[in-house]
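These notes concern the structure reproduced below.
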Amino acid sequence: MEVKQKKTIQMLQQEVDEYIGQFKEGYFSPLAMMARLTEELGELAREINHYYGEKPKKSTEKENTVEEELGDMLFVLICLANSLDIDMQKAHDRVLHKFNTRDKDRWTRKNEGSEE
């Protein structure tokens with residue numbers, strides 16, 4: 001079995017950019033990509049509802065997976081970031097910093113309240 005190298009966020013952004021770069025149309029406008037992201041979110045919600053909710057799939061519905069729909073969302077999100085020249089690693093780091101500072105006492109940590 002071949003072991004694949006884990007990809008960094010930068011690698012994902014580069015891979016998507018190379019894929020989109022082979023087409024004359026290039027990236028869609030940010031507004032069009034926001035619509036696409038919303039569409040993909042709806043498809044993800046539908047799959048979550050089928051797997052974990054009370055609404056079973058119809059026998060005529062295509063079999064998708066939550067993993068597929070998350071992958072679709074990630075692709076469109078990367079397209080949006082690339083088109084706006086946003087480094088997703090920096091964006092991630094900023095969000096994590098915010099959670100670790102502003103929200104540091106918002107949630108109960110697993111080791112709080114336990115007797116040691």
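Values in this document were obtained by computation on a predicted structure and should not be read as measured data.
For the atom pair Lys90 NZ and Ile9 CD1, the distance stands at 13.0 Å (nearest 0.5 Å). Separating the OG1 atom in Thr65 from the NE2 atom in His50 is a distance of 12.5 Å, to the nearest 0.5 Å. A distance of 10.0 Å separates CE of Met11 from CD of Gln14, quoted to the nearest 0.5 Å. A distance of 10.5 Å separates CG of Leu41 from CD of Glu69, quoted to the nearest 0.5 Å. To the nearest 0.5 Å, the span separating CD1 on Ile78 from CD1 on Ile86 amounts to 12.5 Å. Separating the CG atom in Leu80 from the OG atom in Ser29 is a distance of 9.5 Å, to the nearest 0.5 Å.
Hydrophobic clustering, with ILVMFWY side chains joined whenever heavy atoms are under 4.5 angstrom apart, keeps Leu70 apart from Val95. Trp107 and Phe99 end up in different hydrophobic clusters when Ile, Leu, Val, Met, Phe, Trp and Tyr side chains are linked at under 4.5 Å.
Tyr19 OH: 12 or fewer foreign heavy atoms inside a 6.0 Å radius. Heavy-atom contacts from other residues, nucleotides or ligands closer than 6.0 Å to CD of Glu67 number 12 or fewer. Under a cut-off of 6.0 angstrom, the local environment of CG in Leu31 is sparse, with at most 12 non-hydrogen atoms contributed by other residues, nucleotides or ligands. Taking a 6.0 Å sphere around CZ of Arg94, one finds it holds 12 or fewer heavy atoms contributed by other residues, nucleotides or ligands. Annotation for Phe23: atom CZ counts as buried by contact number, over 12 foreign heavy atoms lying within 6.0 Å.
Contacts classified as salt bridge (charged side-chain N to carboxylate O under 4.0 Å, His left out) and involving residues 14-34 (residues at least two apart or in different chains) are given here: Lys7-Glu15. Among pairs with a residue in residues 38-50, those fulfilling salt bridge (charged side-chain N to carboxylate O under 4.0 Å, His left out) read Arg36-Glu40, Arg46-Glu61, Glu47-Lys57, at least two apart in sequence or across chains.
With sequence neighbours excluded, no residue forms a side chain to side chain donor-acceptor pair (under 3.5 Å) with Asp72.
Residues Phe28 and Ile20 have side chains not in contact (no heavy-atom distance under 4.5 Å, counting atoms from C-beta outward).
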Given Met34 and Thr38, is the side chain to side chain contact (heavy atoms under 4.5 Å, CB included) satisfied, shown in steps? CA-CA 6 Å; Met34 189 66 228; Thr38 304; 3.9 Å; yes

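Closest of all the heavy-atom pairs between Val76 and Leu37 is CG1-N, 3.8 Å. Gln89 and Asp87 get closest at one heavy-atom pair: N-OD1, 2.8 Å.
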